[in-house]
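Below: the structure, in structure tokens.
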4 protein chains.
Amino acid sequence: MTTKRRPSLKPRKVPQQSRAENTVTAILEAAASILEIRGMEGLNTNLVAQRAGVSVGTLYQYFPNKDALIVALSLQAQAAFFAEAEDALDQPTGQTALEYLISVSVRQQLRRPALARALDFEEGRPAIAKELASSQAAFHRLMQEILSRSDIPPQDNIEIATDDVLAILRALTDAAGERGEVRRSPLEHRVSRALSGYLGIIDTPPVESSRARSRRSRAS
Amino acid sequence: MTTKRRPSLKPRKVPQQSRAENTVTAILEAAASILEIRGMEGLNTNLVAQRAGVSVGTLYQYFPNKDALIVALSLQAQAAFFAEAEDALDQPTGQTALEYLISVSVRQQLRRPALARALDFEEGRPAIAKELASSQAAFHRLMQEILSRSDIPPQDNIEIATDDVLAILRALTDAAGERGEVRRSPLEHRVSRALSGYLGIIDTPPVESSRARSRRSRAS
Amino acid sequence: MTTKRRPSLKPRKVPQQSRAENTVTAILEAAASILEIRGMEGLNTNLVAQRAGVSVGTLYQYFPNKDALIVALSLQAQAAFFAEAEDALDQPTGQTALEYLISVSVRQQLRRPALARALDFEEGRPAIAKELASSQAAFHRLMQEILSRSDIPPQDNIEIATDDVLAILRALTDAAGERGEVRRSPLEHRVSRALSGYLGIIDTPPVESSRARSRRSRAS
Amino acid sequence: MTTKRRPSLKPRKVPQQSRAENTVTAILEAAASILEIRGMEGLNTNLVAQRAGVSVGTLYQYFPNKDALIVALSLQAQAAFFAEAEDALDQPTGQTALEYLISVSVRQQLRRPALARALDFEEGRPAIAKELASSQAAFHRLMQEILSRSDIPPQDNIEIATDDVLAILRALTDAAGERGEVRRSPLEHRVSRALSGYLGIIDTPPVESSRARSRRSRAS
DNA sequence: GATGAATGAGGATTCATTCAT
DNA sequence: CATGAATGAATCCTCATTCAT
């Protein structure tokens, strides 16, 4: 007992041998799959270790506590997302960049929808959010940069707009995942419409008709 | 239009507060305030009982288990919401009905934002969701009825659209609550824009001014 | 996890029903006997609960953690000691008061020597010492008051002298307990000699005999 | 008198530091400093290894278990003490020998007071005491030899007297260390008074001045 | 009905120690 | 010999729930 400093949620030690790397991977995958199937309430460190084929002690060599598992999983997902998402900046216009981002988000979310939802959920917990702050900020910056492009109507409060856009993105993809949707394109459209409306992007008439047409045909 | 006036699902007001009624109220309020301040992890039945000034035994007299507390709290919030929300059906058009609903949602959410968020969060848990299914369905029906009005563009899949609209509504109000926003009007605008975009509602310029007027009067 | 305040070591709740009082007594006695026989390393909350014939949960109703058990045990011992020790102040002279105190200490220590030693030991741990500070201070004051009597040579630094006297008292009684001594009188003599020497008290020959006599009668 | 000069029980100095020797030294020093700063509860083999810059495996190469670390540390301290303490036997009288021993003890204790206290503490644990028995016995013999000198009043029970003298010595030096005292001379006086009193040594007034003188010269 | 004492399964975490490389 | 990854028994502690009074 005595004094107990609040343990950081960062990984405790970096694996230095390859077998250790495997161990970490196995632990994370075990945690992911439990989270997916049983949710946070079914997640306990002993089970994770068992499923990963290691002892609890080993788990704790790499993760200081249970929350650190969630953090690591989130970070992993975010890194995967970011790797693809950054390319959005190469898009010529804000609108295409936004579409790109939507597409990436949707793709990621529908890969392991249940996991993604569970993580979205957990990321809301203060203890976790705190740890992910910097990573989240990177997202925020990326999105904000896109929203600041000249072809996107200027927003009253860019910070809030960014937050909201991300919230809508998450809400719709989570809902789709929960529903068991698997087709990406319809979801992308719906997100796109909500965001366009939110941001005040007018569907330019000429473009609109052609795009709408193609959408209609694709949607069938 | 379609429907006129149906009996609400929940009593509009609680009858003369009997002793038992008082106890239940005290317990729920204790649970609510704990949920608000410490979140779900800080909520435990012993603490709730203590804060409510009753014994745990008494708590279990009224609530069969912990989840029942959450369910009751949600139900209570939903009843309060529904009491106001039903009037949306009296609105002449789908658009005004939607605006009305947005307004009610925002108002409710900003009353006790932290509590509302916590409940939104918990309602996602299967165990809870199951209990709330019928109440949620009522919402869903209400919203769907509005979205089916003739002045709102027909949606490809009305079920999904309804879900999505509710998801967006929740996402934006939760985000606002988390941010500490207190002014309703800006939030209502933002939600309105997102939903209009999602639903394909074109903001007809002339209508806009009249809408703004009505909104102002409602906001008083 | 989240935030974890350092729990106080004070009893968690005061028993309000008589059976609860019995429970607390049983827990403390169980802890005492384990401490006596197996020492601190053999002491664990599950074992204490089992030996007390209650569940762990019950133990934790009354003691916030393991250390709180030690604290309670120490406090109990100190209270017992104090009850007798205070009468030392009624003695006419500092020297007789000191003798009186020695006698009380020796008697207490030899009642349950192993327990007393274990507690003396644990009281040294910062976490415990902190909690006992005020109780210890009372001792300190009592002793200091005695050492300040006119028939005891003035000490260079009364604080240090008090500390030292207590340390010697404890050291010799602990050593005696460890050795398995059971006779009080020889131990009292030895302590008395050490303290007299430390304090610079000259054993006035005539007085000595009378003191010896009185001691003998008290010892019966 | 009785004994002249016997070979010390421990090598006076460690031979040429081989690599293994260095490792052992590093481990012990790491353990010592942890013990000093965090006490026994902060001491764990993994930490010791890390602080010593070696792997746990290596630590276990040299020390069969954790207690062996404590034992080694104690043995080391006792060897250092003994190296100086033996010379006490060269003193002409029992009283000067005792003074000499007090002086050595005080000096040792005040070098690393926190460590010394922690070790004194641990040495009380049966598991440790058992291992140290023979080394402790050497102390005991040394002290007993001194107490048996003709200028020291004969004790009722020489075994007990020896024990008690050592206990007082330890108690007062530990208390001083805890208090943060750094000056040796006042502490030596206090110990000396307590022991003289205990042993029945009369402070012969004329002798007193000469003793003070000799003490001063030693203290330089 | 109310009380609050008691329960005990469940889960987090530590750390001495072993062992494959 | 050294390394550091892995082990898992041991312990602490929580909290939903039950039950005697």
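Predicted model, so just to flag it, every value in this text is computed and none were measured. Side chains included, hydrogens not; waters and symmetry mates left out as well; all remaining heavy atoms used. Numbers restart at 1 for each chain; the letters A, B, ... are given by sequence-line order, proteins then strands.
- The backbone N or O of A:Leu43 lies less than 3.5 Å from a partner atom in the side chain of A:Lys66, making a donor-acceptor pair.
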B:Phe63/B:Thr45 under side-chain contact (heavy atoms from CB on, under 4.5 Å): CA gap, chis, key distance, verdict: CA-CA 10 Å; B:Phe63 300 93; B:Thr45 52; over 6 Å; no
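- Remark: P of E:dC15 and CZ of D:Arg51 are 14 Å apart, rounded to the nearest angstrom.
- Distance, D:Met40 CE to E:dA16 C1': 11 Å, rounded to whole Å.
- In this structure E:dT21 sits in a base pair with F:dA2, meeting the Watson-Crick or G-U test at under 3.5 Å.
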Set out, in order, the CA-CA distance, both residues' side-chain angles and the distance that settles side-chain contact (heavy atoms from CB on, under 4.5 Å) for C:Val48 and C:Asn44, then state yes or no. CA-CA 6 Å; C:Val48 171; C:Asn44 74 63; over 6 Å; no
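- Taking atom CG of C:Leu59 as the reference point, atom P of F:dC15 lies 16 Å away to the nearest angstrom.
- Checking the phosphate oxygens (OP1, OP2) of E:dA6, a side-chain nitrogen or oxygen of C:Thr23 falls inside 4.0 Å.
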Protein within reach of the bases, or only the backbone? For nucleotides 16-21 of chain F, mark each nucleotide 5' to 3' as B, S or -, using heavy atoms under 4.0 Å. BBB---
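- C:Glu21 places its CD atom 11 Å from the P atom of E:dA6, with the value rounded to the nearest Å.
- Atom CG of C:Asp120 is separated from atom CZ of C:Arg117 by 9.5 Å, given to the nearest 0.5 angstrom.
- Using the Watson-Crick or G-U wobble rule with both distances under 3.5 Å, E:dA16 pairs with F:dT7.
- Here the P atom of nucleotide F:dA5 and the CD1 atom of A:Ile27 are 12 Å apart, to the nearest Å.
- Per the geometry, OH belonging to D:Tyr62 stands 13 Å off C1' belonging to F:dT3, to the nearest Å.
- Remark: E:dA9 base-pairs with F:dT14; criterion is Watson-Crick or G-U wobble with both hydrogen-bond distances under 3.5 Å.
- Looking at heavy-atom distances under 4.0 Å, C:Phe63 makes no contact with the nucleic acid at all.
- Side chain of A:Thr58 to backbone of A:Val54: no donor-acceptor contact under 3.5 angstrom is found.
- Between D:Arg112 and D:Glu29, at least one side-chain nitrogen of the basic residue sits less than 4.0 Å from a carboxylate oxygen of the acidic one, meeting the salt-bridge criterion.
- If you measure from atom CD of D:Gln50 to atom C1' of F:dT3, you get 14 Å, rounded to the nearest angstrom.
- B:Glu123 is not listed as a side-chain neighbour of B:Ile70, based on a closest heavy-atom distance of 4.5 Å or more.
- For the OP1/OP2 pair of F:dT7 and a distance below 4.0 Å, the side-chain nitrogens and oxygens of A:Thr58 include at least one atom meeting the criterion.
- Residue D:Ser55 places at least one side-chain N or O closer than 4.0 Å to OP1 or OP2 of F:dT3.
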